[in-house]
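In what follows, a single structure is set out as structure tokens and then discussed.
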Amino acid sequence: MSYRIGVISGDGIGPEIVAEAKKVLDCISRTYGHTFEYEEILMGGCSIDATGVPLTDEAIAQALGCDAVLMGSIGGNTATSPWYKLEPHLRPEAGLLKLRKSLNLFANLRPAYLYEELKEACPLRDDIIGDGFDMMIMRELTGGLYFGARNTKEQDGVLTATDTLTYNENEIRRIAVRGFDIAMKRRKKVTSVDKANVLDSSRLWRKVVEEVAADYPEVTYEHMLVDNCAMQLVKDPKQFDVILTENMFGDILSDEASMVTGSIGMLSSASLNDTRFGLYEPSGGSAPDIAGRGIANPIATVLSAAMMLRYSFDLDSEADAIEAAVKQVLKDGYRTIDIMPQETGRRAAVTQVGTAQMGDLIAERIKKP
Ligand code: NAD
């Protein structure tokens with residue numbers, strides 16, 4: 001099959017880590033006989049330098065013409081870069097927000113997976129970690145409290161701020177369907193997180209999720225209150241497969257879940273709309289402190305490319321092959337600087353490698369079962 005992939009290399013370490021993801025994708029294309037065509041798209045600081053704005057209409061049209069977009073990261077040093085002297089709507093991050101909005105990317109997926117070899121980076125106790133955990137946080141991204149009407153005004157001489165949390169049943173249904181579809185590709189369990197004991201929007205959320213669940217008899221589902229979920233994530237993370245939740249709860253819970261896995265350089269993400277299209281990117285930023293030194297960890301970007309194969313192209317075996325190759329590289333003792341063990345004795349047992357070498361090592365381990 002042939003796929004057109006938009007590539008936003010972006011700023012800082014972006015071009016370095018994207019190059020390694022492309023290296024791994026090219027290896028997949030050779031091994032499995034697919035064709036991946038890449039279309040470079042300008043966004044972020046590099047677009048400001050070239051065009052004066054962080055994302056042009058042409059760039060949006062380019063993205064829309066692709067089957068999916070793979071991104072590195074955008075932005076610079078917010079204290080020193082001239083990009084941050086511009087008006088907020090002209091800064092690098094405004095390009096990303098505009099792209100998400102233009103492409104209607106309402107479903108955000110962030111896996112939280114603990115690799116056996118990186119267990120020591122997990123702040124939880126050994127008895128809680130057990131054999132590790134593997135969950136997917138599915139967050140609604142374009143509705144709820146962050147998009148509702150808001151104002152601050154004086155009422156009876158007292159300054160009063162109001163934010164509104166609105167969801168309609170269609171917005172809930174489309175993310176719930178995505179969540180259950182994704183559970184079908186995993187261990188077939190959905191935990192829907194809400195605050196239905198207090199909020200009307202959560203009661204509607206619960207009702208619609210139950211309707212959607214009826215169409216997925218193979219998926220086990222449960223409802224959990226958000227305060228309980230925050231506790232369960234550190235008490236017993238193994239219980240979760242897909243966590244399905246609204247925008248603000250997902251914002252907080254996905255950061256909590258990713259913290260318990262260790263390094264930011266390992267965390268992939270996807271943002272999907274209601275077609276097969278998706279934007280795939282590492283969870284970290286452009287890391288200006290290490291840009292250009294060839295030491296950034298490309299694994300989150302490589303794993304984001306695997307998510308693209310799985311969720312936009314339905315190439316599950318190929319995505320499995322990339323994930324298996326990453327596990328094997330870690331098992332074989334290779335680490336980028338950010339995931340090196342802290343303890344001297346353990347450092348001696350592994351080999352530190354740079355960005356390009358890590359990409360080569362992963363590509364070498366791609367195998368067709
Ligand atoms: P950051 O994620 O770029 O860096 C935080 C720390 O993590 C740094 O020490 C960095 O060296 C390290 N790090 C991040 N990714 C790494 C990797 N792949 N390998 C090894 N180490 C890695 O966050 P920041 O410093 O707060 O932000 C820097 C710039 O990135 C800012 O302009 C910010 O707005 C932007 N940003 C962009 C995105 C995005 O493109 N989606 C996301 C977050 C931040």
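Only this structure's heavy atoms are used, side chains among them; waters, hydrogens and symmetry mates stay out.
Remark: Glu40 engages Lys22 in a salt bridge, criterion side-chain N to carboxylate O under 4.0 Å. A salt bridge does not link Arg4 with Asp67: none of the charged nitrogens is closer than 4.0 Å to a carboxylate oxygen. Salt bridge absent: Lys188 and Asp241 never bring a charged side-chain N and a carboxylate O closer than 4.0 Å. A salt bridge links Arg186 and Asp134; the closest N-O separation between the charged side-chain nitrogens and carboxylate oxygens is under 4.0 Å.
Taken to the nearest 0.5 Å, the OG atom of Ser268 stands 8.0 Å off from the CD atom of Glu323. Atoms CD1 and CG, from Ile48 and Leu90 in turn, are 7.0 Å apart once rounded to the nearest 0.5 Å. In this structure, CZ on Arg139 lies 9.5 Å from CD1 on Ile252, to the nearest 0.5 angstrom. Atom CG of Asp338 sits about 4.0 Å away from atom CG of Asn297, to the nearest 0.5 Å.
Residues meeting the side-chain contact (heavy atoms from CB on, under 4.5 Å) test with Lys23, sequence neighbours left out: Glu20, Ala356, Asp360. Every residue meeting the side-chain contact (heavy atoms from CB on, under 4.5 Å) condition with Ser269, not counting sequence neighbours, appears here in chain and number order: Arg110, Glu281, Ser283.
Looking only at atom types and distance, the side chain of Ser254 has no donor-acceptor partner in the side chain of Glu256 under 3.5 Å away. Donor-acceptor pairing under 3.5 Å is recorded for the side chains of Tyr280 and Ser312.
Evaluation of the ring pair (Phe, Tyr, Trp, His ring centres under 6.0 Å) test over residues 194-240, restricted to residues two or more places apart or in two chains, returns Tyr167-Trp205, Phe180-Tyr216, Tyr221-His223. The ring pair (Phe, Tyr, Trp, His ring centres under 6.0 Å) pairs that include a residue from residues 63-99 number zero, where partners must be two or more places apart or lie in different chains.
By the 4.5 Å heavy-atom criterion applied to side chains, Met1 and Phe313 are not counted as neighbours.
Of the possible polar contacts, none joining the Arg276 side chain to the Ala68 backbone as a donor-acceptor pair under 3.5 Å is found. Counting only distance, with no hydrogens or angles, the side chain of Asp163 and the backbone of Tyr146 share no donor-acceptor pair below 3.5 Å. Panel note: side chain Ser47, backbone Val53; a donor-acceptor pair is recorded below 3.5 Å. At least one donor-acceptor pair under 3.5 Å links the side chain of Arg178 to the backbone N or O of Asn273. The backbone N or O of Gly354 sits nowhere less than 3.5 Å from a side-chain atom of Thr336 that would complete a donor-acceptor pair.
Grouping Ile, Leu, Val, Met, Phe, Trp and Tyr by side-chain contacts under 4.5 Å, direct or through others, leaves Leu159 on its own.
Nearest heavy atoms, Lys189 versus Gln239: NZ-O, 2.8 Å.
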Exercise answer: donor-acceptor pairs, residues 101-108 side-chain atoms, under 3.5 Å, sequence neighbours excluded:
unit_1	atom_1	unit_2	atom_2	d
Ser102	OG	Lys98	O	2.6
Asn108	ND2	Ala270	O	3.3
Asn108	ND2	Ser271	OG	3.2

